[in-house]
Amino acid sequence: MSKPEAPALTLVTKPMPPTVTPERPCWGIYAGRVQNENGAMLKPGVYWHGYRRTKEDDEAEPSDGSERPLRDEWIASPVFVEARTVNSDDDTAGRLLRLVTDRGEREWIMPMEMLGGSGEEIRRALFAMGAEIAPRQRGRLMEYLLAQQPRQTIVTTSRPGWHESGVFVLPHRTIGGDGVRYQSSGRAPNLYASKGELAQWRSLVAARCLGNPVLTLAVGCALAGPLLSKVGVNGGGVHLVGDSSSGKSLAQLIGASVWGDPGVFAASWDMTKGGLEIEAASRNDTLLSLDEIKRADPRRVQEMAYALANGQGKGTMTREREGRAKLHWRLLTLSSGERSLSEHAAIGGNPAHAGAELRMVDVNAGTRTYRAFDDVHGMDGAGFHRALTVAAGQHYGHLGQAFVEKLIAGYDRDEMLKDFDKVRAQFQSDSAQAGRVADRFAVIALAGELAIAYGLLPWPTGTSLKDSQLLYREWLERVGSGNAEDRQILAGIASFIERHGSSRFSDVNASEVESRVFDRAGYWEIEPNRRLYLFNKSGLIEAAAGFGLARIVKALEAAGVLAKRDGDKKRHTKNYRLPGGGQARLYVIDPERLENDGGQP
C-alpha cells in the first residue's frame, strides 16, 4: 500500500515595512513599523527625525546635509493630533488626539490650557489611556503637541445631554450626528457604559416591573431626563420612602440601568454640595440616582435639594479672582431613604421648607403589598429582588440611548408638547405648587408611554400613565390641598402648642401670681368646649420658624384659624387686659382648626 503524499509546503513571507523619507529635521508619527532611508527599523510611535552631531560638525558644517548620520528619536507611542477643537460651553481651545495603544485606539480631547504648565497633567492622562512616553523625552512630547497645526476644527462640550446643535452627546458617542464631541479629563469613568443586550433587559427586568408602580416610576424617571427641556418642565425629583430592605434600592438600581452600569452610574447623598453639583452636571438630561438620604448632612440636605431642582451650581473664583463658569444641569433625581427629606432635615435642627419638599416629592415605597412591590410575578419577595438585581447587573446601558435615538429620528417638539398637554390634563391640581409636582409625574408618564409606543418597553399602552397617576394621587392624599407653605405654617403652630401649651402659656384670666411663666409665648382663654391660644408676636414668629409675621398671618387668615379679632377688619388681633395690669394685642388661635382638614376652617 503506497504512502500518502506529504502536503506541499507553502513559504509564508511577511511584507517589509514601508520606507519613509522624512524631510529632516521634522516630526514623524507612525501607527505601525517603518524603516528609514538607510533601512533601519523603527517601531510605531512619535519621532523626531534629525541628524547626529559629529566631530566634523564641530569643525565645519558639511556641504551636504545628507552625508550626516541620521538620528531618529522615539518620543512616545503613536499620538496623532487629528483636529483643533472649540468648546461650545466656554469657548476654550483644544486638540483632538488619537492614541494607538496595546488596548486599541483611544480618543481624547486635550484642553490647550493644560500645556500652560509642565505638561504633567497631559502625561498623566495619556499614561492612564495606555500611551507610553520615553522618560527623557517628556518635554519633547509637549513640543510635538504644540507644533501640530491640523486644519480640521470640531465643536466639543464638557456636558452630556442635548447640545444646541440638536444632537445628544455622551462620553463615548454622539447620537444624531458627528459634529460634536464630548470633552473629558481622560480619567473620569464612562458613566454611560453598556453591557449585555436590550432584548434581555426588556424580558428579564422591564417585564417584571409590570404591576409595580414604584418600579415603572423608576424607569419613567430615568427616561424623562431627555424630555424636560423639550416640554419645559423644571428639574426635581422623587424620594422613595420606606423601611430598610423594602426594595427602594432595587428601584434605583433599575433606574440607573437605563443609562449605565448601576454600580457606577448611581451616586450617594454622602458628599459635599460641590461634589453633588459635579455628579449632577455629569448626568445632565438623564438621571441622578442618590441612595440613602440618611447619609446626607441634615443641615444641608434641603439646600442640596433646591440646587438639584434649580439646575445651577454655586459660583466660584479662579486664582486670578475671576468668575469661574458655573455648572449647569437639568435632570430628575431618584432618591431613597427611611425618612422623608423634612424628617432628615429636622435631625439637624432645621425646620422643614415646603419648597424643598415639593422639589423632592415623597413616594410610598414601604407599605405596598410586598413592601415596595405590588406584584412579585409568582416569586417570593427575596427571590424577586434577587432576580432583578442579577439581571440589571448583566444587561444595562441600552434603553436610554435607544430612547434618544427614537426621539431624534422622528419626533418634533410641537408634537411632543401636544402629547405632554394631553397627559398633563389627566393630573389634576388645585394650586400652582401641586401643579409643579403634577408636571413632574406627567413628564415621567409621557416618557414611559413613548417608550412603550417605540416598542422599547414590553408594557401595555397606558401602564406608565396609570402608575404615575396612582402615585401622584397618593401624594396628594398625604399632603392635602392648598398652599404648601400654609400647611407648613399651620403644622408648625400646632406642634408648638402641643410642645409648649402648658409651659409657655397661662390663663389670661388668672391672677398675677398664678400666671407666672418663663419665656412667655402667650396666654390661653377657656371657652365652652374649647381652649383658645393667645399668641404674642414673638411667640407666633417662633412657632412658625422660617416665616415672617405677615406671611404667617396670611396663612392663618386663609385657613380661618384666627378665632377672634377686634371690630376693625384690618386688625388680626384682639386687645386683652393682662394679669397684673396692662394691655396687649394678641393673635387668638383655635387649635382645632389647625388640625381639621389640614388647617381648613
Side-chain angles (χ1 to χ4, degrees), residues 298 302 339-354 356-357 478-566 571-601:
Q302 294 187 105
R339 295 184 288 263
S340 68
L341 187 75
S342 58
E343 290 171 342
H344 187 67
I347 297 175
N350 294 323
H353 291 175
E357 293 179 332
R478 285 195 304 273
V479 302
S481 60
N483 184 281
E485 281 81 6
D486 285 0
R487 293 194 299 270
Q488 184 177 333
I489 290 169
L490 301 181
I493 296 173
S495 176
F496 188 88
I497 292 173
E498 182 180 356
R499 288 181 287 118
H500 305 297
S502 298
S503 61
R504 299 180 62 183
F505 298 83
S506 65
D507 190 345
V508 72
N509 296 313
S511 66
E512 181 179 4
V513 174
E514 294 173 330
S515 64
R516 289 179 179 174
V517 169
F518 176 75
D519 194 16
R520 180 180 297 279
Y523 299 86
W524 72 63
E525 182 179 23
I526 303 296
E527 290 191 348
N529 301 321
R530 68 175 181 173
R531 173 185 286 191
L532 303 178
Y533 283 85
L534 321 178
F535 277 82
N536 58 35
K537 179 180 176 181
S538 61
L540 190 62
I541 292 175
E542 181 184 352
F547 295 92
L549 180 63
R551 183 66 184 86
I552 297 170
V553 171
K554 180 180 178 182
L556 296 176
E557 182 76 12
V561 173
L562 294 174
K564 293 183 178 181
R565 66 178 72 192
D566 287 332
R571 290 189 179 275
H572 299 95
T573 58
K574 181 174 175 57
N575 193 34
Y576 279 87
R577 183 176 299 277
L578 303 180
Q583 298 182 359
R585 305 203 69 86
L586 303 173
Y587 296 89
V588 184
I589 291 177
D590 184 349
E592 291 185 1
R593 295 185 181 180
L594 288 172
E595 300 173 0
N596 293 339
D597 300 323
Q600 297 300 313

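Lys554 has no carboxylate O lying under 4.0 Å from a charged side-chain N of Glu485, or vice versa, which leaves the two without a salt bridge.
Take Ser503 and apply the side-chain hydrogen bond (donor to acceptor under 3.5 Å, both in side chains) test, not counting sequence neighbours, and it matches no residue. For Arg585, the side-chain hydrogen bond (donor to acceptor under 3.5 Å, both in side chains) partners are Asp566, Thr573, not counting sequence neighbours. Shown here are the ring-ring contact (aromatic ring centres under 6.0 Å, His included) partners of Tyr576, two or more places apart in sequence or in another chain: there are none. Judged as a side-chain hydrogen bond (donor to acceptor under 3.5 Å, both in side chains), and not counting sequence neighbours, the contacts of Ser506 are Arg520. Evaluation of the side-chain contact (heavy atoms from CB on, under 4.5 Å) rule for Ala346 yields no partner, not counting sequence neighbours. Partners of Ala555 by side-chain contact (heavy atoms from CB on, under 4.5 Å), not counting sequence neighbours, listed by chain and number: Asp486, Ile489, Arg551. With sequence neighbours excluded, the residues satisfying side-chain contact (heavy atoms from CB on, under 4.5 Å) with Gln583 are Asn575, Arg577. With sequence neighbours left out, the side-chain contact (heavy atoms from CB on, under 4.5 Å) criterion links Glu343 to Arg339, Ser340. Residues satisfying the side-chain hydrogen bond (donor to acceptor under 3.5 Å, both in side chains) criterion with Arg499, sequence neighbours excluded, are Ser495. Remark: Tyr587 pairs with no residue by the ring-ring contact (aromatic ring centres under 6.0 Å, His included) rule, at least two apart or across chains.
The two residues Ala356 and Leu341 have their closest heavy-atom pair at O-CD2, 3.4 Å. Minimum interatomic distance between Ala544 and Ile552 (heavy atoms only, all atoms of both residues): CB-CD1, 3.6 Å. Residues Pro298 and His344 approach most closely at CB-O, 3.2 Å, considering heavy atoms.
Between the NE2 atom in His572 and the CG atom in Leu549 there is a gap of 9.5 Å [rounded to 0.5 Å]. Atom CG of residue Leu540 and atom CD1 of residue Ile493 lie 5.0 Å apart, to the nearest 0.5 angstrom. The structure places CG of Leu586 at 12.0 Å from CG of Leu532, a figure rounded to the nearest 0.5 Å.
Evaluation of the ring-ring contact (aromatic ring centres under 6.0 Å, His included) test over residues 497-524, restricted to residues two or more places apart or in two chains, returns Phe496-His500, Phe505-Tyr533, Phe505-Phe535. Residue pairs meeting the salt bridge (Lys or Arg N to Asp or Glu O under 4.0 Å) criterion with at least one partner in residues 525-545, sequence neighbours excluded, are Arg504-Glu542, Glu525-Lys564, Glu527-Arg530, Glu527-Lys564, Arg530-Asp590.
Residues Val479 and Arg487 form a side-chain contact, since some pair of their non-hydrogen atoms from C-beta on lies under 4.5 Å apart.
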